[in-house]
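Worksheet: one structure, shown below.
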Amino acid sequence: MNGVRLRHVVHVNPPCPTFDKLAPSSELTFLPMEAVWADARLDVTRVTLKSDAATGYTRFQDGDVLLPKITPTFEAGRSVLISGLRNGVGAGTTELHVLRPTREIDPRYLTYITQSRPFLKLGEAEMYGVAGQKRVPDDFVRDFRVDLPAVEEQRRIADFLDLETKRISQLRELTQRQQWLETKRLSEFLRLATSTSSGVPNRETGLSWMPVASTAWPLLKVSYAFATGSGTTPSSNDAKYFEGDVPWVNSGDVPDGPITTTVKAVTSAALRDYPALKMFPPGALVVAMYGAGATKGRVGVLSVSACVNQACCVLMSMGRITAEFAYYWFRSHRDGIVRLAAGAGQPNLSQELIRKLKMPAPALCEQVNIVQTIQRQENVSRVKIEALRKRQDLLAERRQALITAAITGQIDPTTARGGHE
């Protein structure tokens, strides 16, 4: 093998003459970062005009290797050998390095180099920028040293890795499918909070987000079954209101499960000076009315006495519907309830909206049975989903370890068959 720097066998971020030759009205492939994957998730279906991608985008062509430069995409090893571009040309996010192999290096072998552990670990150490926006400099790519075998040997190694990584990808896809099925199965159990499984027919409710419900159960507005409340945020400029021992629930603390801890706590002075900060008892149901990401619509049951901020609505049962039953009902219909908020003037849930929602009210003994049934299935599903998640992680580790071993000469593809014939 010959130790060489990639700059001697790879053009890093080169010009794209194929792009330059296209007419302004010609179509080409467009790749945002979310479309760049090293597996079947690679999406080359987006198309744009050359005139619309003439400035502000990275240019590449069939046969190039695209290397994400920004964290955490770089560390995930999402580099890809690109092909099948419209008119052989693409444009996309500026968060890509373009690697164009010369005749001395096989394009697939180059791709596997950029997915190997040494490349990723050393590249991570060379990143610059602020947290969350760190990037790998192109000089790191140019100066990365590899032991480069003859091109025929590179192709033989690439053929071996193509076969073995394909098998691993198939196992990962199967595992992902199993995770989806288990999540779907749990969703079906959550529906027990709306429709009985005892053969009693359903009736139409006239509600788009809950079109049917059991005919055996009356529908009650939340305001008829629960007393509701919320909270506020003390002045952040006054330190005497924070770092206390009173749990203060923010929407980000609502986990679709028991609320046992909070990120922040307030003091007794905050409770004294802010009348809107009320203490709610253990067992109360908390609904996140707004927040970052997928927080909106999450629910949790208080395990301790706590106050909340203005982004949370607290429901305290008045006896007709238990908080545990309502917890599963809200989870079952979260998507539909959140869409109600999206249709309002301000796309957030509100106490008023939540109080107007209608939910089924089975007999209390039936609510207990339904909750116990769902909890048993949830426990089973949680164990299965966690096991499947660990399998995904192990398969990802196996893929990278195999690539690293083959690229660094630790295994001989002639004898290493990955356990398959």
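FYI, side chains are in, hydrogens and waters are out, and symmetry mates aren't considered; it's all heavy atoms of this structure. Counting from 1, the numbers follow the sequence of the chain as shown.
In terms of modelled atom types and a separation under 3.5 Å, the side chain of Thr94 and the main chain of Thr58 share no donor-acceptor contact. At least one donor-acceptor pair closer than 3.5 Å links the side chain of Asp106 to the backbone N or O of Tyr109. Here the side chain of Ser116 pairs a donor or acceptor atom with the backbone of Ile113 at under 3.5 angstrom. Here the side chain of Asn13 pairs a donor or acceptor atom with the backbone of Val98 at under 3.5 angstrom. Between the side chain of Thr205 and the backbone N or O of Pro211, at least one donor-acceptor pair lies under 3.5 Å. Side chain of Asp43 to main chain of Thr45: a donor-acceptor pair is present (N/O by atom type, distance under 3.5 Å, no hydrogens or angles). In this structure a side-chain-to-backbone donor-acceptor pair under 3.5 Å is missing from Ser251 to Ala311. Listed for the Gln115 side chain is no donor-acceptor partner under 3.5 Å among the backbone atoms of Ile403. Within the 3.5 Å criterion, the main-chain N or O of Ala23 finds a donor-acceptor partner in the side chain of Ser26. Judged by distance alone, with hydrogens and angles left aside, the side-chain atoms of Tyr274 form a donor-acceptor pair with the main-chain N or O of Ser235 at under 3.5 Å.
A salt bridge links Arg331 and Glu378; the closest N-O separation between the charged side-chain nitrogens and carboxylate oxygens is under 4.0 Å. Taking 4.0 Å as the cut-off between side-chain N and carboxylate O, Asp138 and Arg142 count as a salt-bridged pair. A salt bridge is defined here as a Lys NZ or Arg NE, NH1 or NH2 lying under 4.0 Å from an Asp or Glu carboxylate O, and Arg398 with Asp393 fails to meet this definition. A salt bridge links Arg334 and Asp256; the closest N-O separation between the charged side-chain nitrogens and carboxylate oxygens is under 4.0 Å. The pair Glu173-Arg177 does not meet the salt-bridge criterion, since no charged nitrogen lies less than 4.0 angstrom from a carboxylate oxygen. Ion pairing between a basic and an acidic side chain is recognised when a charged N comes within 4.0 Å of a carboxylate O; Arg155 and Glu152 show such pairing.
Of the residues listed (Val299, Leu315, Val286), the one engaging Tyr327 in a side-chain contact (heavy atoms from CB on, under 4.5 Å) is Val299, and it is the only one. Partner of Asn379 under the side-chain hydrogen bond (donor to acceptor under 3.5 Å, both in side chains) criterion, out of Gln375, Gln377, Arg382, Arg376: Arg382 alone.
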Derivation of the side-chain contact (heavy atoms from CB on, under 4.5 Å) call for Thr102 and Val10: CA-CA 6 Å; Thr102 65; Val10 175; 5.9 Å; no
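Checked against the 6.0 Å centroid criterion, the rings of Tyr57 and Phe30 qualify as a close aromatic pair. No close placement of the Phe19 and Phe60 rings is indicated, their centers lying 6.0 Å or farther apart.
Taken from CZ in Arg191 to CD in Glu188, the straight-line distance is 9.5 Å, to the nearest 0.5 Å.
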List the atom pairs, donor and acceptor, that lie under 3.5 Å between side-chain atoms in residues 121-130 and the rest of the protein, sequence neighbours left out.
none

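The aromatic rings of Trp209 and Trp329 lie perpendicular to each other, with more than 60° between the two planes, well past the 30° mark. Classified by interplanar angle (parallel below 30°, tilted 30° to 60°, perpendicular above 60°), the ring pair Phe325/Trp217 is perpendicular.
In this structure, a donor-acceptor pair under 3.5 Å is absent between the side chains of Arg108 and Gln154. Between the side chains of Thr194 and His333, a donor-acceptor pair is found at a separation under 3.5 Å. Using a 3.5 Å distance cut-off with no hydrogens or angles, the side chains of Asp162 and Tyr112 do pair a donor with an acceptor. Between the side chains of Gln310 and Ser230, not a single donor N or O lies within less than 3.5 Å of an accepting N or O. Between the side chains of Thr175 and Arg391, at least one donor N or O lies within less than 3.5 Å of an accepting N or O.
Side-chain contact between Leu357 and Ile337 is present, with heavy atoms from C-beta onward closer than 4.5 Å. In this structure the side chain of Val136 reaches within 4.5 angstrom of the side chain of Phe74, judged on heavy atoms.
For the salt bridge (Lys or Arg N to Asp or Glu O under 4.0 Å) condition, the pairs that include at least one residue of residues 69-95, sequence neighbours left out, are Glu27-Arg86, Glu95-Arg135.
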